[in-house]
Visitor: 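First the structure, which I've put down as structure tokens, then a few questions once you've had a look.
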Amino acid sequence: MGSAIAQDSTRVTTNFRDTISVKPDTSYWQRSFTGGVNFNQTSFSNWSGGGVNSMALGGVIAARALYEKGKTSWDNTADLQLGYVSQLGTSRKSADQIIVISVLGHKIAPKWDLFISGTFNTFFAPGYRYDKLPADQTRLRVSNFFSPAQLTLSTGIAYKPNDWFSLRMSPLAPRFTFLSDQSVRVRVDPNTGFYVPDPTATVYGVAQGQSNRTEWLAFQLQTVINRNLTDNISLNARYQLFTEYSHLDNINHRLDLLLTAKINRYLNTTFGLIALYNKDFSSSLQIQQTLAIGLVYNLSSFKKKVDPLKATDTLPGRF
């Protein structure tokens, strides 16, 4: 078994009886895909202690495509998540998110980039409230695909001291909020405390009779950490701050955190946390937390370093 380099830069590899020619990758692209499925099931039959049959199924996908050539980079990531839990023949959504981020950067100094970016987020499926409802109502729709959806365009300067940390500051970051399903307009009845449909209510910052809202003059700050903590534990965290200059009393905060512990090649444990504070969505802090053990599939063309297990190495996850 041996190898040689041809004059046309084509690598010729001989393996036993087979000889193949493989041209080197000159596309400047690196790609990764991670998909996971989590399943949980519980059933009872004549169980004196009581209980409810249940089944939970969830899927998570994280994909990244990174282009790097000279001083130019183009980083694209997608985080997708959807899960349902079924009890007594009734299914309810347990997790749902679509987040796509694209960042085009140009290096102006060893640790500084100029960039433009776009961030889009929405849901896959309708979401419902099941609590604080009138006795004759079992659920109330409060969200749907593209209801809401947000697109934030930003430009500014980024500080990147290493491969696993980035801080992006955008003095110009217009945001567009869309509401395609008007049936998600609800309000709280001040007399009963119940949630009730109200087509005149302003929801997600979109006023009555409107299907979108534009916040032109705004500032956005984003911080990303994507790092191995140990050989088998990785941390992926993203924090976003957004505010209109005319409404500095309404600063939006969002934290996405994913901690992954690898059990073996096909199994891992994940802890996820999403914390959101946005007065246009709710006057209280919103939190979504997940803990799961499930199957995982990884595929990556990211270049490995000399020692890929060092905690200082970057991960092929979202950035």
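Note: hydrogens, waters and symmetry copies are ignored here, and every other heavy atom, side chains too, is used.
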Visitor: Are side-chain N/O atoms of Ser73 and Glu68 paired as donor and acceptor at under 3.5 Å?
Guide: no
Visitor: Ignoring hydrogens and angles, tell me if any N or O in the side chain of Thr122 forms a donor-acceptor pair with the backbone of Phe145 under 3.5 Å.
Guide: no
Visitor: Measure across Lys107 and Ala109 and return the closest heavy-atom pair with its distance rounded to 0.1 Å.
Guide: CG-O, 3.0 Å
Visitor: Measure from the side-chain N and O atoms of Asp96 to the backbone N and O of Phe124, and report whether any donor-acceptor pair falls under 3.5 Å.
Guide: yes
Visitor: What closest approach, in Å, do Gly272 and Leu258 show between heavy atoms, and which atom pair accounts for it?
Guide: CA-CD1, 4.2 Å
Visitor: Please assess Val103 against Gln222 for the test side chain to side chain contact (heavy atoms under 4.5 Å, CB included), listing each intermediate value before the final yes or no.
Guide: CA-CA 12 Å; Val103 183; Gln222 299 182 77; over 6 Å; no
Visitor: Does any part of the side chain of Thr155, heavy atoms only, come nearer than 4.5 Å to the side chain of Leu114, both counted from C-beta?
Guide: no
Visitor: What pairs of donor and acceptor atoms, side-chain ones from residues 202-215 against any protein atom, are under 3.5 angstrom apart with sequence neighbours left out?
Guide:
from   : atom 1 : to     : atom 2 : distance (Å)
Tyr204 : OH     : Val142 : O      : 2.6
Arg213 : NH1    : Asp280 : OD2    : 2.7

Visitor: So do the side chains of Asp79 and Gln81 get within less than 4.5 Å of each other, counting heavy atoms only?
Guide: no
Visitor: Enter the distance from Ser234:OG to Ile225:CD1 here, rounded to the nearest 0.5 Å.
Guide: 13.0 Å
Visitor: How close do Pro148 and Phe281 get, heavy atom to heavy atom, and via which atoms?
Guide: CG-CZ, 4.2 Å
Visitor: Please enumerate all residues that pass side-chain contact (heavy atoms from CB on, under 4.5 Å) together with Leu217, with sequence neighbours excluded.
Guide: Tyr245
Visitor: Quick one: does Lys132's side chain have a donor or acceptor within less than 3.5 Å of a partner on Val188's backbone?
Guide: no
Visitor: May I ask you to check whether over 12 heavy atoms, not counting those of Trp112, lie within 6.0 Å of atom CH2?
Guide: yes
Visitor: Are Met169 and Leu172 linked, directly or through other ILVMFWY residues, by side chains that come within less than 4.5 angstrom of each other?
Guide: no
Visitor: Measuring from atom OH of Tyr277 to atom OG of Ser284, what distance do you get when rounded to the nearest 0.5 angstrom?
Guide: 8.0 Å
Visitor: Closer than 3.5 angstrom, by distance alone: can the side chain of Asn53 be matched with the main-chain N or O of Phe44 as a donor-acceptor pair?
Guide: yes
Visitor: Please round to the nearest 0.5 Å and tell me the distance separating atom CG of Asn38 and atom CD1 of Ile293.
Guide: 9.0 Å
Visitor: Answer yes or no on whether Lys93 is positioned over the face of Phe123, meaning its NZ or CZ is under 6.0 Å from the six-membered ring centre and within 45° of the axis.
Guide: yes
Visitor: Just do the side chain to side chain contact (heavy atoms under 4.5 Å, CB included) check on Leu66 and Arg64 with the steps written out, would you?
Guide: CA-CA 7 Å; Leu66 171 63; Arg64 183 184 184 190; 3.8 Å; yes
Visitor: Any idea which heavy atoms bring Lys279 and Asp249 closest together, and the distance?
Guide: NZ-O, 3.1 Å
Visitor: Report whether Tyr266 and Phe33 are members of the same hydrophobic cluster (ILVMFWY, side-chain heavy atoms less than 4.5 Å apart, transitive linking).
Guide: no
Visitor: Backbone N or O of Ala201 within a donor-acceptor pair of the Arg185 side chain at under 3.5 Å?
Guide: yes
Visitor: Measure the shortest side-chain to side-chain distance between Tyr67 and Asn76 over non-hydrogen atoms and say whether it is less than 4.5 angstrom.
Guide: no
Visitor: Verify side chain to side chain contact (heavy atoms under 4.5 Å, CB included) between Ser154 and Arg168, making sure each step is shown before the conclusion.
Guide: CA-CA 10 Å; Ser154 60; Arg168 297 194 290 266; over 6 Å; no
Visitor: Hey, does Ile99 have a side-chain heavy atom less than 4.5 Å from the side chain of Arg254?
Guide: yes
Visitor: List the atom of Arg141, the atom of Tyr128, and the distance in Å for their closest heavy-atom pair.
Guide: NH2-OH, 3.2 Å
Visitor: Might you point out which heavy atoms bring Asn268 and Lys262 nearest each other, and give the distance in Å?
Guide: CB-CA, 4.0 Å
Visitor: What ring pair (Phe, Tyr, Trp, His ring centres under 6.0 Å) pairs are there with at least one residue in residues 74-106, not counting sequence neighbours?
Guide: Trp29-Trp74
Visitor: Roughly how far, to the nearest 0.5 Å, is CZ of Phe176 from OG1 of Thr152?
Guide: 9.0 Å
Visitor: Answer yes or no: is there a side-chain heavy-atom contact under 4.5 Å between Phe39 and Met55?
Guide: yes
Visitor: Please evaluate residues Thr270 and Thr260 with respect to the criterion side-chain hydrogen bond (donor to acceptor under 3.5 Å, both in side chains), reporting the C-alpha separation (whole Å), side-chain torsions for both, the decisive distance (0.1 Å), and the verdict.
Guide: CA-CA 5 Å; Thr270 58; Thr260 303; 5.9 Å; no
Visitor: Walk me through whether Gln30 and Ser301 qualify under side-chain hydrogen bond (donor to acceptor under 3.5 Å, both in side chains).
Guide: CA-CA 5 Å; Gln30 299 180 75; Ser301 65; over 6 Å; no
Visitor: Return the CZ to CZ distance between Arg92 and Arg139, rounded to the nearest 0.5 Å.
Guide: 9.5 Å
Visitor: Heavy-atom distance under 4.5 Å between the side chains of Asn252 and Leu276, does that happen here?
Guide: no
Visitor: Applying side chain to side chain contact (heavy atoms under 4.5 Å, CB included) to Arg227 and Asn162, what does each step give before you reach the verdict?
Guide: CA-CA 11 Å; Arg227 189 180 189 186; Asn162 49 50; over 6 Å; no
Visitor: When you compare the side chain of Leu133 with that of Thr138, does any pair of heavy atoms fall below 4.5 Å?
Guide: no
Visitor: Tell me whether Leu57 is reachable from Leu295 by hopping between hydrophobic residues (I, L, V, M, F, W, Y) whose side-chain heavy atoms are closer than 4.5 Å.
Guide: no
Visitor: Spell out, as yes or no, whether a donor-acceptor pair under 3.5 Å connects the side chain of Thr119 to the backbone of Ser102.
Guide: no
Visitor: State yes or no: do Ile287 and Val85 share one hydrophobic cluster built from I, L, V, M, F, W and Y residues joined by side-chain heavy-atom distances below 4.5 Å, directly or via other members?
Guide: no
Visitor: Run the numbers on Phe120 and Phe146 for ring pair (Phe, Tyr, Trp, His ring centres under 6.0 Å), then give the verdict.
Guide: CA-CA 10 Å; Phe120 174 79; Phe146 242 79; 5.7 Å; yes
Visitor: Please examine the side chains of Asn228 and Trp164, heavy atoms only from C-beta on, and report whether any two atoms are closer than 4.5 Å.
Guide: no
Visitor: Please report the interatomic distance CZ(Phe219) to OG1(Thr243), rounded to the nearest 0.5 Å.
Guide: 9.5 Å
Visitor: Decide whether Ile98 and Val37 are clustered together by the hydrophobic rule: side chain heavy atoms of Ile, Leu, Val, Met, Phe, Trp, Tyr closer than 4.5 Å, transitively.
Guide: no
Visitor: Starting from the C-alpha separation in whole Å, work towards a yes-or-no answer on side-chain hydrogen bond (donor to acceptor under 3.5 Å, both in side chains) for Thr230 and Asn232.
Guide: CA-CA 5 Å; Thr230 68; Asn232 296 315; 5.8 Å; no
